[in-house]
Amino acid sequence: MKEFSKLCKEFEEMDVLSYSMILGKKALKVIPTLSAITDDGLNGVTIFATFVMGAIAADGRLSEEEYMICYPLLYAFFGDEVNYDECKKAVRLLKPESRELKKAVKEMVDVFGQLSDELKEDIIIICMLICSIDGKISLKEKNWIKKLLK
């Protein structure tokens with residue numbers, strides 16, 4: 001993977017159409033693979049969905065841009081139950097220091113051990129894209145993403 005800071009800068013400068021295209025393409029690849037490596041299939045999707053929410057919540061807030069760009073992913077994970085107000089509530093509950101988010105990160109890191117390097121990069125790219133949708137990957141978001149790189 002390119003140097004982390006350079007990659008962050010690239011994503012911060014990316015246009016919304018490019019975000020959407022890359023996110024959709026990566027999700028179509030990542031979700032089936034995670035489902036295939038877990039015992040029940042659903043667990044991989046659940047872990048990834050929680051991780052996506054964690055990427056959204058990494059800076060402790062949910063912008064409307066983040067919600068709109070992630071809506072197709074959120075809808076795929078949660079169906080009709082998802083709306084902006086409910087997502088904002090969920091993000092507030094998933095603060096970076098929360099037990100739930102720490103557990104999700106631990107589970108995702110455990111799953112990472114079973115993945116190819118290419119798939120690991122895809123997941124990290126998805127998280128970086130989500131974090132950069134507002135034009136800036138904050139220090140909190142960078143620190144959160146770096147947990148996966150360890």
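What you see is a predicted model, and the numbers here were worked out from it, not measured in a lab.
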J.: What's the spacing between Leu129 CG and Met21 CE if we round to 0.5 Å?
T.: 11.0 Å
J.: Does the side chain of Ile124 reach to within under 4.5 Å of the side chain of Cys127, using non-hydrogen atoms?
T.: no
J.: Which heavy-atom pair separates Ala27 from Pro32 by the least distance, and what is that distance?
T.: O-CD, 3.9 Å
J.: Please lay out, stage by stage, how Lys9 and Glu3 fare under the test salt bridge (charged side-chain N to carboxylate O under 4.0 Å, His left out).
T.: CA-CA 10 Å; Lys9 187 73 172 160; Glu3 185 182 324; over 6 Å; no
J.: If I take atom NZ from residue Lys146 and atom CD from residue Glu141, how far apart are they, to the nearest 0.5 angstrom?
T.: 12.5 Å
J.: If we only count heavy atoms from C-beta on, is the Ile22 to Met14 side-chain gap below 4.5 Å?
T.: yes
J.: Enter the distance from Leu7:CG to Ser132:OG here, rounded to the nearest 0.5 Å.
T.: 9.0 Å
J.: Let's go through Phe4 and Ile145 carefully: what are the C-alpha distance in whole Å and the side-chain angles of both, what is the deciding distance for side chain to side chain contact (heavy atoms under 4.5 Å, CB included) to 0.1 Å, and is it a yes or a no?
T.: CA-CA 10 Å; Phe4 186 72; Ile145 294 167; 3.7 Å; yes
J.: Heavy atoms, side chains only, cut-off 4.5 Å: are Tyr19 and Ile130 in contact?
T.: no
J.: Within this structure, what is the CG-OG distance for the pair Leu23 and Ser20, rounded to the nearest 0.5 Å?
T.: 7.0 Å
J.: Working to the nearest 0.5 angstrom, can you tell me the gap between Ile126 CD1 and Lys29 NZ?
T.: 9.5 Å
J.: Atom CD1 of Ile125 and atom NZ of Lys25: how far apart are they, to the nearest 0.5 Å?
T.: 10.5 Å
J.: Would a 4.5 Å heavy-atom cut-off, applied to side chains only, mark Leu115 and Ile123 as touching?
T.: yes
J.: With heavy-atom distances below 4.5 Å as the criterion, would you say the side chains of Met128 and Glu10 are in contact?
T.: no
